[in-house]
Amino acid sequence: MTVRVRFAPSPTGYLHIGGARTALYNYLYSKAVGGTFVLRIEDTDLERSNSEYEKLQIDDLKWMGIVHDEGPDKPNPKYAPYRQSERTEIYKKYALDLVEKGLAFYDFCTDEELEASKEKAAAEGRDPIYEGKWKNPEFNQEALQRIKAGEKAAIRFRAPKKSYTLNDKVKGEVVYPANMVGDFVIVRSNGLPVYNFCCVVDDHLMDITHVIRGEDHLNNTVRQLMIYEALGAKLPEFAHVSLLIGHDRQKLSKRHGATSVNLYRNEHYLPEAMCNYLCLLGWSHPTEKDIFDKNDLNEVFNLERFSASAAMYDVEKLKWVNSEHVKKMSNADLITLVEKEPETDFFKKQTPEWKLACVELLKKYAQFIPDFPKLVNELILNEHPHLTDALKEILSWETTPKILSFLSDEINKVQTTFVTEAELNAWTEFVKKDLAVKGKPLFQGVRGCLTGHDHGPDLKFLIPLTPVSVLKNRMIDLSK
RNA sequence: GCACCCAUCGUCUAGCCCGGUCCAGGACACUGCCUUUUCACGGCGGCGACAGGGGUUCGAAUCCCCUUGGGUGUACCA
C-alpha cells in the first residue's frame, strides 16, 4: 500500500515556524518512501479562516521547497475537494449515519445549561463531561420530531466508556483511561462539523496512512480513535512530534518574536537553511550530520529518529546554519543571487574573474545574501574611512605617515584599474626593507592606509579587488 | 483540579529500545591559543550535562517505581 501523508493547516494566519516544521516532516517522509503528500485546508472555523491566508501559507511552503502532490490547486478527483468548508455535506452524511446507528445523538441543550453543568463539575472538582438529558435514548423520538420541525441542534458523539491505547511512532504506547472525555460535539448547532470529526472523516476518505502532527493533538487523539472505531475505519500510523518552545520554555507564539516563515523570507534567509534547521529541531540525522540539503535526506529520513521532548527555537543557530549554506553554495549560484540584490551596479560591471574572486572572498564573512553588496560597499567601495579609535591609533604611530606618503606615491603611478597581488607584495616589501618598519606598525600600518580599517579580510585578496581610484581617494582622505 | 506527554552541557542533540566499549560524543553560543605578528575565515583546545531519591543488577544515562520540574489537553477553536 502506498503511503499517503497530509499537512492540514487552518488558514487563520501566516504559516508558522512550527507548522512549517510539521509540513516539512510530512514532505520528507513522503519523499523518502515514495508516497503522496496531500495538502488539506482545515477551514471549518469560518470566523477565523480567511482564504487570503491559504494563499499566503501555500506560498511560504513553496518558498521552502515543500510542494504538495495533491491539494485544492492539484485535485485528485478521487479525493477532492480539499477544503473542509467544501466538504460539509460529506461530514453531515457521516454524522447522520452515526445518529442513525445510535452512536451519536442530537443535543438541544442551551449554552446556559451547558455552562451551569460545567460550573457544577468544576465546583465538585471533576471533569466537565456532558450529562444533558439528550444522551438518554428515551429522548430519541422527541429529538427527531424537533429536528423535523426545523429546530437546530448540535450532534454529539456517544463516547464509549472504555480505555484506548495508541501506538505512537514517537511517544510509544499511550494509554487513555476510560472516561477521559465525555460525549463531545461533532456537528455544531449551526450545522458546521467540528475539527476532530472532519479530521477523521477526511483522513479516512483520503486514505491517509500516516498522521504526522504536533503533540498538541495527542490528547485529542482519543476522540479521533473513537470516531475511527465508530466509522469502522482503518487506523493510520500516528507520529506526534514534540512542540517547539520559546526561550521561556512556553509554546512558541507571536510574543517570542519572529515566528512566521514570511518574516525569515523577508530577511533573506535561504529556504534550504530554514529547512535544514527546522528539520533538526526534533529529528536527528543518523550520522549526526548537521548541514544538509533536504533533497539529500531521501535515503535516511524516517519516523524513528524523532526526539520525544520539546525543542527550543534558537535564531542564533539558524543564522549559523544559514551562513553554512551560503558557504556551501557554488560561486556561480552566489553571483546570480548577488546580482539580484539592489545596489549591485558596480558588482555587475566587473569581469567574471573579479566576481568570482569577490564572492569567494566575501562568502567567508557573509551570513546572508544581502551581506555581499553590504560588504562590497564597506570593504571595497568605501572612499571615506570612518575614523574609529583603532584607526586613529594606527595613524598616530610615527611610521604611518611615511607609509601613507609612500603608498600614495605608488598608487598615483598605477595606470591600471586594479593593482595586482605582486604589486601589493612589492610595496609591503619596500615598507619593510627601505622604510624599516616591522611588526604591528608594518602590517596594520599598510592595512590602515589602504583600507581605512584596522581589521578585515586578507589584504592580498582584498586589495586586488579594490579599484585604484578608491584607494587613491581613501589615502587623500587619510592624509588630511 | 483532572488526564496525558516530557526530563543528557545555557541551547539543539548522540547514546537509551538490545544495561558494561560513556569518569557520556557532536553542533551552536561563550572562551583560549595558532594560522610568516591584521582578520569577521580556517585549525587546534577549554568551559559545560545524565533533575532528585529509591529499587533491579556484579554493573544503570540506559530497565522499574516514587518525587520534583516543565509542557499539552480539558471548547458548539484548530
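Every chain is numbered from 1, with letters handed out A, B, ... down the list of sequences.
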Checklist line | Nearest to side-chain heavy atoms of Asp458(A), which nucleotide of C76(B), U38(B), C28(B) | finding: U38(B)
Check: To the side chain of Phe443(A), which of C4(B), U37(B), U74(B) is closest?
Finding: U37(B)
Note to self: Rounded to whole Å, how long is the line connecting atom CZ of Phe184(A) with atom P of C77(B)?
What the structure shows: 14 Å
Margin query: Stacking between A14(B) and His285(A), yes or no? Criterion: centroid separation under 5.5 angstrom, plane angle under 30 degrees.
Written below: no
Next item on the list: Please measure how far the P atom in U67(B) lies from the corresponding atom in G20(B), and state the result in whole Å.
Entry: 29 Å
Checklist line | Lys327(A), nearest nucleotide to its side chain (from A3(B), G42(B), C28(B)) | finding: G42(B)
Checklist line | Separation between the C1' atoms of A60(B) and G53(B), rounded to whole Å | finding: 15 Å
Next item on the list: For Trp320(A) and A40(B), give me the distance from atom CH2 to atom P, rounded to whole Å.
Entry: 18 Å
Next item on the list: Please check if the side chain of Asn50(A) supplies one atom and the backbone of Thr12(A) the other of a donor-acceptor pair under 3.5 Å.
Entry: no
Check: Has the side chain of Asn219(A) got a donor or acceptor that lies under 3.5 Å from a partner of the other kind on the base of U74(B)?
Finding: no
Item checked: Selection from U8(B), C4(B), G73(B) that lies nearest to any side-chain heavy atom of Asp216(A) -> G73(B)
Check: Any idea which of C12(B), C4(B), G70(B) is nearest the Ala311(A) side chain?
Finding: C12(B)
Item checked: Aromatic plane relationship, His285(A) with Phe292(A) - under 30° parallel, 30 to 60° tilted, over 60° perpendicular -> tilted
Item checked: Nearest-nucleotide pick for Leu375(A), side chain only, options being A40(B), G73(B), C41(B) -> A40(B)
Margin query: Tell me whether Lys133(A) forms a cation-pi arrangement with Phe139(A), defined as NZ or CZ under 6.0 Å from the six-membered ring centre and within 45 degrees of its axis.
Written below: yes
Notebook entry, point to check: Mind checking the P distance from G25(B) to A3(B)? Whole angstroms is fine.
Noted result: 40 Å
Note to self: Which nucleotide wins on minimum distance to the side chain of Glu288(A), given the candidates G26(B), A78(B), U72(B)?
What the structure shows: G26(B)
Check: Is the base of C76(B) touched by the side chain of Ser189(A) through a donor-acceptor pair closer than 3.5 angstrom?
Finding: yes
Check: Between C6(B), C41(B), A3(B), which nucleotide has the shortest distance from any of its atoms to the side chain of Tyr365(A)?
Finding: C41(B)
Checklist line | Separation of the P atoms in G48(B) and U11(B), to the nearest angstrom | finding: 15 Å
Note to self: Quick check for you: among U72(B), A78(B), C41(B), whose closest atom lies nearest to any side-chain atom of Thr44(A)?
What the structure shows: A78(B)
Checklist line | Pairing of Asp45(A) and Arg48(A) as salt bridge, 4.0 angstrom limit | finding: yes
Item checked: Cation over ring face, Arg146(A) and Tyr106(A), 6.0 Å, 45° -> no
Checklist line | Over 12 foreign heavy atoms within 6.0 Å of NZ, Lys161(A) | finding: yes
Checklist line | salt bridge (charged side-chain N to carboxylate O under 4.0 Å, His left out) partners for Asp333(A), two or more places apart | finding: none
Check: Does a nitrogen or oxygen in the side chain of Ser284(A) sit under 4.0 Å from OP1 or OP2 of A14(B)?
Finding: yes
Notebook entry, point to check: NZ of Lys135(A) versus C1' of C76(B): gap in Å, rounded?
Noted result: 17 Å
Item checked: Shortest side-chain distance from Val194(A), nucleotide among C5(B), C76(B), U72(B) -> C76(B)
Margin query: Please list, in numerical order, the residues of residues 299-308 of chain A that have a heavy atom closer than 4.0 Å to any atom of RNA chain B.
Written below: Arg305(A), Ala308(A)
Item checked: Qualifying side-chain hydrogen bond (donor to acceptor under 3.5 Å, both in side chains) pairs with a residue from residues 237-251 of chain A, counting only residues at least two apart or across chains -> Asp168(A)-His240(A), Arg213(A)-His240(A), Thr221(A)-His240(A), Asp248(A)-Arg255(A), Asp248(A)-His256(A)
Check: Distance between the C1' atoms of G46(B) and C28(B), in whole angstroms?
Finding: 16 Å
